[in-house]
Amino acid sequence: MGSVTPWSGPPVTGGLGREEPAEVFPQTGLFQRAAAAFAACVPVEPADDGFFGPGSVTWRLHADLSAPVSGLRSLLLQALHPLAMAGVDQHSQWRDDPAGRFASTAAYVLTTTYGDRAAARAAAMRVRKIHEWVRGVDPVTGKPYEASDPALLIWVHAALVESGLAAAARYGVALTPAEQDQYVAEMTAAAELIGVPAVGFAMGGAPASVAELDAYFEAVRPSLATSKSTEDTASYLIGMPDVEPELAGVWQVLAAAAVTSLPGWARDMYGFGLAGAGNTGHDRDPVPPEREEVRQVLGVLDAVYLGEPGVLEARQRLTLRVRAAGQ
């Protein structure tokens, strides 16, 4: 595996409905606060290499420039589950402070990816305690839900893992089929941290290969649906009013990339067309961006992050760990 130049921006997110403990990141903008999370959460002296380590595909993929596209895509995908959406509507105030919520989610993912095992377990335990209080009844389907339900946890997990692979395939690092399988298998550790049973996929655990991931989505698709809440969430995410004004154009390219990289069935559920290719009339139909355009925008965003306090030092810490591991 080649060397990793860690991405200094927001990694793959943990989900709209996953209420991470509030972190203190005093910066005002969404990207600024995500950069502050990166600087604060990459450990200076970790006790061990955590659940993945510098030689893992997880480190390589979460460090890729495509990670912001993956994160936004995973949120759009997660919102298609009615029970997950009900949890967001009834228990999350993320729209009141989307930058803070994104930064807190980034902090959780950074800690579980790059932190030592004790730090990762502590972060996961805080989230699991919050999940104990997130429960209710979905007004659309009439079904009860609990955030700690392994089925919902697997949905959020599968959406972020599949989005990581899809965004990288279109806009980022090239992974071999074996590396893709390795990433899915490695990420079962993240699922188990948050409460998914440590059993095989056939027994109700997280998918551990691309084939199992595909089988999972095929099985869960009949239970997915859209609603006004889903549409409102998608419109908010794509428009994102909390982005720094000077980076609004960057967000629009990222949003178009996220929508374009969704599976066709998910775009159909939302009613997204692709401008110039069978437009559906949806008010957010994107123009599919070219790979190089997205890569250039991500490069600009990376340069912005490098100018934020502590980001360069945190990136250097990760680079040194990768080099020490001989990757």
Side-chain angles (χ1 to χ4, degrees), residues 12-21 70-96 98 101-102 104-106 108-109 112 124 127-164 166 187-188 190-197 201 204-207 213 215-238 240 258-259 261-263 265-272:
V12 180
T13 64
L16 284 175
R18 180 174 293 169
E19 291 292 287
E20 282 76 16
S70 168
L72 181 55
R73 181 191 187 276
S74 72
L75 296 180
L76 292 170
L77 195 56
Q78 288 166 24
L80 292 174
H81 197 299
L83 301 188
M85 202 64 246
V88 172
D89 282 346
Q90 296 174 9
H91 294 277
S92 177
Q93 289 78 46
W94 71 275
R95 288 185 184 88
D96 295 339
R101 178 53 53 207
F102 278 34
S104 293
T105 301
Y108 175 80
V109 178
T112 55
V127 175
R128 292 176 72 164
K129 287 185 178 298
I130 293 172
H131 280 178
E132 294 175 0
W133 299 95
V134 180
R135 59 182 65 197
V137 176
D138 172 27
V140 177
T141 64
K143 296 180 179 179
Y145 68 85
E146 296 182 7
S148 58
D149 179 358
L152 278 182
L153 295 174
I154 290 175
W155 166 251
V156 173
H157 171 80
L160 75 89
V161 170
E162 193 269 345
S163 291
M187 283 295 286
T188 60
E192 290 162 10
L193 273 173
I194 207 65
V196 175
F201 176 62
L213 193 61
Y216 169 78
F217 277 102
E218 189 65 27
V220 79
R221 277 178 57 186
S223 64
L224 305 181
T226 57
S227 65
K228 184 179 185 303
S229 292
T230 308
E231 290 285 345
D232 289 348
T233 296
S235 293
Y236 194 100
L237 287 171
I238 292 169
M240 187 46 69
V259 169
S261 63
L262 283 168
W265 56 263
R267 289 199 307 271
D268 289 344
M269 289 182 69
Y270 273 117
F272 286 126

Distance in Å, Leu83 CG paired with Ser223 OG, rounded so as to fall on 0.5 Å steps: 8.0 Å

Validation row: Val156, His81 side chains within 4.5 angstrom (heavy atoms): no

Flag for Thr230-Thr233: side-chain donor and acceptor within less than 3.5 Å: no

Non-hydrogen side-chain atoms of Trp265 and Leu224 separated by less than 4.5 Å: yes

Spacing of Arg135 atom CZ and Trp133 atom CH2 [to the nearest 0.5 Å]: 8.5 Å

Atom pair CE/CG of Met187 and Leu193 - distance to nearest 0.5 Å: 10.0 Å

Minimum heavy-atom distance Ser261-Ala166, with the two atoms named: O-CB, 4.4 Å

Pairwise side-chain contact, Leu153 with His131, heavy-atom cut-off 4.5 Å (strictly under): yes

Shortest non-hydrogen contact from Glu192 toward Pro197: CG-O, 4.2 Å

Considering all heavy atoms, the nearest Ile194-Arg128 contact: O-CG, 3.5 Å

Heavy-atom pair with the smallest gap, counting every atom of Trp155 and Ala84: CD1-CB, 4.2 Å

Sub-4.5 Å side-chain heavy-atom contact between Met240 and Phe102: yes

pair Leu77-Leu80: side-chain heavy atoms closer than 4.5 Å: yes

Exercise: identify the closest heavy-atom pair between Tyr216 and Pro207: CB-CG, 4.0 Å

Side-chain heavy atoms of Val140 within contact of Pro82, under 4.5 Å: no

Minimum-distance pair of heavy atoms, taken over all atoms of Tyr270 and Glu231: O-OE2, 3.3 Å

Backbone N/O of Leu160 and side chain of Ser74: donor-acceptor pair under 3.5 Å: no

From CD1 (Ile154) to CZ (Phe201), nearest 0.5 Å: 8.0 Å

Spacing of NZ belonging to Lys228 relative to CG belonging to Asp89, to within rounding of 0.5 Å: 9.5 Å

Side-chain touch Pro263/Arg73, heavy atoms, less than 4.5 angstrom: yes

Test item: Arg267 side-chain N/O and Phe272 main-chain N/O as donor-acceptor pair under 3.5 Å: no

Side-chain donor/acceptor of Ser235 to backbone N/O of Asp232, under 3.5 Å: no

Under 3.5 Å: donor-acceptor pair, side chain of Gln90, backbone of Asp138: no

Pairwise distance CG(Leu262) to CG(Asp268) - rounded to 0.5 angstrom: 10.5 Å

